[in-house]
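In each ligand, atom 1 is the first atom listed, and ligand 1 is the first ligand listed.
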Amino acid sequence: MKYHSTRDKSKSLTGGEAIIKGISEDGGLFVPESIPKLPGIENMLEMSYQEIAQIILGMYLTDFTSDEIKEAVEQAYDSKFESDEIVPLVIKGEAVFLELFHGPTFAFKDMALSILPYLLKTALKKNGIKDEIVILVATSGDTGKAALEGFKDVPGTKVIVFFPEDGVSPIQRKQMLTQEGDNTYVVRLNGNFDDAQNGVKKMFGDELFNQVLAQKGYVLSSANSINIGRLIPQIIYYVHGYLKLIKEGVLKSGDRVNVAVPTGNFGNILAAYYAKEMGLPIAKLICASNDNRILTDFFQTGAYDRRRQLMTTSSPSMDILISSNLERFIYHTSGEDDRLIIEKMSGLSNEGFYQYQEETDLVYPDMATEEEISYWINQLYKEEDYIMDPHTAVAYCAYKKYCELSKDHNVTLIASTASPYKFSEKVLKSLGVVSTGNDEFEKLWRLSDLMHSQVPSKLAELESLPVLHDHLCDPANMKEITLDLLKGGAHHD
Ligand SMILES: *Cc1c(COP(=O)(O)O)cnc(C)c1O
């Protein structure tokens with residue numbers, strides 16, 4: 001399997017090379033030259049999550065041996081997940097919640113970031129790269145913690161995370177500042193998420209800076225969702241979920257399902273599209289947005305217009321105006337038209353705007369306001385005694401609107417992307433718990449009562465864990481602090 005750039009089809013890399021590079025020099029994203037077909041649902045029914053993972057990764061990463069893939073899968077999807085099934089399903093009538101939040105950081109980012117370090121490590125070895133990899137991350141919360149956990153103590157790697165001092169939830173902040181591991185660094189930034197992201201992008205693009213690092217034995221890499229090594233592992237849970245529904249008798253082999261995804265960077269929903277192209281019978285992709293409804297507008301009108309104010313919502317991991325992975329979707333659905341991509345993406349960076357009408361009616365776009373998020377959290381709790389986080393509630397709301405409009409009764413997999421415990425404030429308010437004060441941990445206990453479950457120990461213990469990182473810097477000094485953190489040189493500390 002070779003990988004092309006969405007902006008230059010003539011580029012041809014192995015899977016390992018594409019994972020190491022992260023993004024193509026031409027600004028494009030790496031895509032597989034063709035989408036492989038699943039071996040037949042009947043043959044996979046008895047497989048565990050790990051076995052399905054090996055099959056799917058093996059089809060995409062043909063430059064890896066099956067032993068290498070097996071080892072990566074076994075190290076990634078082990079007891080660090082709260083559930084043996086890795087991704088449990090919760091069936092509530094026609095709505096089936098695919099709980100993607102039982103990993104070490106309680107957000108769906110764990111699904112890919114627990115395996116990416118092992119894929120990257122193997123790719124480096126195969127390609128004879130001896131440098132130490134430095135993963136630079138700008139985060140609004142979930143990605144930072146998941147990357148820190150994923151790369152913690154992985155030999156040959158270091159991970160440096162920048163988060164906006166006032167831009168993450170109290171739990172996310174504590175999760176990051178108490179991070180253990182000899183190769184992890186966390187820096188609070190006097191600025192917002194855009195400042196963090198711009199600073200990191202500048203470091204990637206700064207040739208001199210990269211040369212200085214190279215002399216110390218370091219090479220920069222990225223763990224954000226444009227890396228194809230994050231996309232491929234996300235296909236697994238859609239296949240696993242479908243198989244499980246057949247095993248449980250909810251579906252018959254061949255029955256069609258819909259998938260509803262709370263969408264930010266378009267990575268999770270794109271993985272569902274890949275699963276469909278691989279042969280999983282998916283009928284509709286319900287693309288759900290919050291008040292930042294840029295994708296809803298795009299799929300409804302054909303205009304992608306980022307000339308608007310970013311809104312802060314209760315689903316912060318979806319507060320985004322550039323959905324990078326949409327580029328891959330347009331590439332595939334336009335018949336791999338790399339020239340079209342160049343034209344549209346330069347429109348986006350120069351004018352903040354492009355026009356493109358998707359031919360496919362595979363996607364149903366919709367959005368949820370803050371009031372709707374609260375309404376549906378409350379409603380589902382009353383009807384089914386089940387509590388969702390605000391991101392999942394966005395998907396559930398769009399799903400409900402779709403059902404109302406279409407009268408479609410296909411079973412729908414709802415991608416449940418975060419534990420309610422991570423967003424307890426909004427959840428408790430939605431459930432009518434009026435005063436919860438400022439104590440974050442008090443809120444966790446309140447929620448625990450309502451959910452009839454224990455607060456996950458890794459969240460409960462945060463209260464007493466020591467803060468291990470005290471770096472604070474201004475956006476102008478991100479390069480300096482990075483050099484300072486790496487001053488020992490590769491393999492020395
Ligand atoms: C990252 C994230 C999303 C958005 O996923 P994309 O792949 O960026 O579309 C949704 N919910 C949560 C909780 C997330 O962390």
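For the pair Lys443 and Glu425, the salt-bridge criterion is met [side-chain N within less than 4.0 Å of a carboxylate O]. A salt bridge does not link Asp389 with Lys426: none of the charged nitrogens is closer than 4.0 Å to a carboxylate oxygen. Salt bridge annotation for Lys458-Glu82: absent, with no cationic side-chain nitrogen under 4.0 angstrom from a carboxylate oxygen. With respect to Glu327 and Lys344, no salt bridge is recorded, no charged nitrogen being found less than 4.0 Å from a carboxylate O.
The part of Asp142 lying near ligand 1 is the side chain, judged by heavy-atom distances below 4.0 Å. Using a 4.0 Å cut-off between heavy atoms, Phe108 contacts ligand 1 through its side chain alone, with no backbone atom that close.
Annotation: atom 8 (O) of ligand 1 to nearest protein heavy atom, Asn265 N, 2.7 Å. Among protein heavy atoms, the minimum distance from atom 11 (N) of ligand 1 is reached at Thr417 OG1, 2.8 Å.
Taking every heavy atom of Gly267 and a limit of under 4.0 angstrom, the matching atoms of ligand 1 come to 6 (P), 7 (O), 9 (O). Of all atoms in ligand 1, listed by their number and element, those nearer than 4.0 Å to a heavy atom of Ala418 are 13 (C).
At a 3.5 angstrom cut-off on N or O pairs, Asn268 counts as close to ligand 1. Residue Thr263 has no N or O atom closer than 3.5 Å to an N or O atom of ligand 1. The shortest N or O to N or O distance between Met318 and ligand 1 is not below 3.5 Å. Residue contacts with ligand 1: Gly264 is placed with a nitrogen or oxygen under 3.5 Å of a nitrogen or oxygen of the ligand (distance criterion only). Taking any N or O of Gln234, backbone or side chain, none lies under 3.5 Å from an N or O belonging to ligand 1.
Atom CD of Glu383 is surrounded by more than 12 heavy atoms from other residues, nucleotides or ligands within 6.0 Å.
Annotation for Arg328 and Ile226: closest pair NH2-O, 2.7 Å, computed over non-hydrogen atoms.
When Lys109, Lys145, His391 are ranked by how near their heavy atoms come to atom 1 (C) of ligand 1, first place goes to Lys109.
Assignment of Pro262 to the shell around ligand 1 is supported, since a heavy atom sits closer than 4.0 Å.
Aromatic ring orientation, Tyr356 versus Phe298: parallel (interplanar angle below 30°, classes split at 30° and 60°). Between His332 and Tyr274, the ring-plane angle classifies as perpendicular under the 30° and 60° cut-offs.
Of the possible polar contacts, one joining the Lys284 side chain to the Asp361 backbone as a donor-acceptor pair under 3.5 Å is found.
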